[in-house]
Amino acid sequence: MCSYANEMPLDDLNKAREIRVLSVKRPHMRGFWFATVGFFVAFVGWFAFAPLMPTVKKQLGLTKPQIGLANTCAVMATILARVIIGPMCDKLGPRRCMSFVLLATSIPVALGAVVQDSTGLIIDRLFVGLAGATFVPCQFWTMALFSGNVVGTANAMAGGWGNLGGGFVQAFMPLIFLIIKACGATDNAAWRIALQVPAVFFLILGTTMYLFSDDCPEGKWANRIEVATGEKPSMGSIFKTAILNRNTWVLVILYGCCFGIELFVNNAAVMFLFNGFKKDDCNPKTDENECRVLTQATAGLIASLFGLMNLFARAIGGYLSDKYAKTAGMAGRLRVLMITIAGTGGMMVIFSQMRLLPLAIIMLVTFSAFVQSAEGATFGVVPFVDAANKGVVSGLVGAGGNAGAVIWSTTYNAIGNSGSADVEQDRLGLMVIGFIVLGSSNNAIGNSGSADVEQDRLGLMVIGFIVLGSSLLVLLCNIHGAAIFWGKDQSAQDKVHPVEEKPPGFKQDTQIQQQEEA
């Protein structure tokens, strides 16, 4: 173990037992900040198109279904990427994996500038969506650096502050667009030039991350201290173990009900706000733009509030998970998860019905707080599902978030964007998704083609009261002998782990210490 790292209180695997956010020292806090900022920048490039979509739609002549399909592709590509990169992190370490993804996806981010039609947009967003795979090395990195007593908080802070990119980009890209326009560019040129900014961010961070950070407390991934698990299993058996573990699948579904919702909202929020609030004394048939309460820039600014709640909300979910684990063990973590998932569905239903902009903003922020807290609570549980194969479990659960986003986008497009300009259909789409998260029924959704949605709302309200919701899936979890209300928690967070002996002649990596001293 490198001498400087002993400044941090460590466990028997050299993982830090506390988080010092004001430090950037190697290896623990340097790795924490690269994991956080890497995911943040990935989010900026991943969703750079979304806040510019009102202009892009006009310039390329896009329809609502075409935009919906592009949004779906932006999150769909990440599903397979996250599943693949999980075991890659187990094999190669998080630093190289995240660096590679950022450098590789900088290309499609930059090439967004040459898109000329809906086909080009869909293809480009499909490849840009691979940047979302950075979430897995982000969470894997913090799990490799921090001990069980703070790993839930560390995961939530890194993931939440990384997710801030989803809120930041909603305000940042319209601002860059306006600055470029002020320099004399046309609308068509300004949005294309603006996309080069996140591409440059990708290149800079991908390079510096590879050169100036570490995979684990021992430096290189090959030098890590490993928990002794006997004979090394094959990759196929690792996947089989994870897939056959029902806890994995419960977390996959629940993460789709929180992170999936966040990705969906990041794509849809600006257009929903832009079209959803009109002046009372205006005829939209005369001049639709004059009737809108919000401009593209103000809609983006309001939409950014949803993502900016990640500044603290996801960390709160992780903190509460760690806090109640101290008194109730795994059952405490599961209870926090159940409550936050249920709140996510309920708040989305309420937000979808807001007609007054000030109330809509308040409910958007409240809704976001539950979404982000649920994400933090989910990854407060993930590290304990299969300690020896955290990369695979993280990849599968992370992919569940994107799968959820595809489902919500498809549902919204089918109901809310059915070709009608009537914003009531958009509200119905949001409300249906909210009840699906809160509930789990596929029947009697109502007549989505009707202009009068009051009966639809009543039908959904009945379903919402009858069906307890996807949050009840937490009852199926049994991790290390502990369930939400019963069982004995056999996973002491601070227990001493048996470690693998290194071969004769093995030397710890001294590269970190040498660079620090230099």
Side-chain angles (χ1 to χ4, degrees), residues 1-20 23-39 85-101 134-155 157-159 162 206 208-229 232 238 379 382-384 386-395 493-494 496-503 506-516:
M1 184 65 203
C2 300
S3 60
Y4 72 88
N6 289 324
E7 298 173 6
M8 296 279 284
L10 307 176
D11 67 7
D12 54 296
L13 297 181
N14 292 332
K15 295 183 179 183
R17 292 178 47 80
E18 65 181 42
I19 305 168
R20 299 178 178 178
S23 172
V24 291
K25 284 190 174 183
R26 303 173 77 164
H28 299 93
M29 294 313 303
R30 180 77 61 86
F32 171 86
W33 281 116
F34 266 116
T36 302
V37 178
F39 189 39
I85 204 170
M88 287 180 64
C89 287
D90 281 323
K91 181 76 173 178
L92 303 174
R95 174 180 59 96
R96 283 184 285 182
C97 289
M98 182 177 277
S99 176
F100 172 77
V101 172
T134 52
F135 171 73
V136 177
C138 167
Q139 298 292 276
F140 189 93
W141 213 338
T142 51
M143 285 188 277
L145 293 171
F146 293 92
S147 187
N149 67 308
V150 295
V151 70
T153 304
N155 282 351
M157 291 172 68
T208 55
M209 175 185 298
Y210 183 81
L211 296 175
F212 303 113
S213 63
D214 314 289
D215 292 291
C216 59
E218 293 72 37
K220 294 179 180 179
W221 188 243
N223 296 342
R224 69 193 182 281
I225 298 176
E226 299 182 80
V227 177
T229 57
K232 292 288 185 181
I238 291 174
F379 270 82
V382 166
F384 304 98
D386 188 345
N389 302 300
K390 294 176 182 177
V392 175
V393 176
S394 298
Q493 294 183 20
D494 301 320
V496 176
H497 303 276
V499 299
E500 289 191 350
E501 294 184 1
K502 297 296 181 181
F506 173 81
K507 294 182 179 180
Q508 293 284 5
D509 182 27
T510 58
Q511 180 183 9
I512 308 174
Q513 185 176 7
Q514 291 172 351
Q515 292 182 4
E516 192 76 19

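Numbers here simply count residues along the sequence, with the first being 1.
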*A158: partners by side-chain contact (heavy atoms from CB on, under 4.5 Å), with sequence neighbours left out*: F32, T36, C138, Q139, T142
*Partners of T153 by side chain to side chain donor-acceptor pair (under 3.5 Å), sequence neighbours excluded?*
D322
*Evaluate the criterion side chain to side chain contact (heavy atoms under 4.5 Å, CB included) for residue pair I85 and V101; output intermediate values, then yes/no.*
CA-CA 9 Å; I85 204 170; V101 172; 3.5 Å; yes
*asked:* So, using ring pair (Phe, Tyr, Trp, His ring centres under 6.0 Å) as the criterion, who are the partners of F379 when residues are at least two apart?
replied: F135, Y255
*Is there side-chain contact between N155 and P383, with heavy atoms separated by less than 4.5 Å?*
yes
*List for me each residue that meets side chain to side chain donor-acceptor pair (under 3.5 Å) alongside T134, sequence neighbours excluded, and say none if there are none.*
none
*Is there a side-chain contact between P94 and W221 (heavy atoms, below 4.5 Å)?*
yes
_Rounded to the nearest 0.5 Å, what separates atom CH2 in W141 from atom CE in M209?_
5.0 Å
*Do R95 and Y210 meet the cation-pi criteria used here (NZ or CZ under 6.0 Å from the six-membered ring centre, within 45° of the axis)?*
yes
*Please lay out, stage by stage, how F140 and C97 fare under the test side chain to side chain contact (heavy atoms under 4.5 Å, CB included).*
CA-CA 10 Å; F140 189 93; C97 289; over 6 Å; no
*asked:* As an exercise, state the distance from CD1 of I19 to NE2 of H28, rounded to the nearest 0.5 Å.
replied: 11.5 Å
*Pairwise distance CE(M8) to NZ(K15) - rounded to 0.5 angstrom*: 13.5 Å
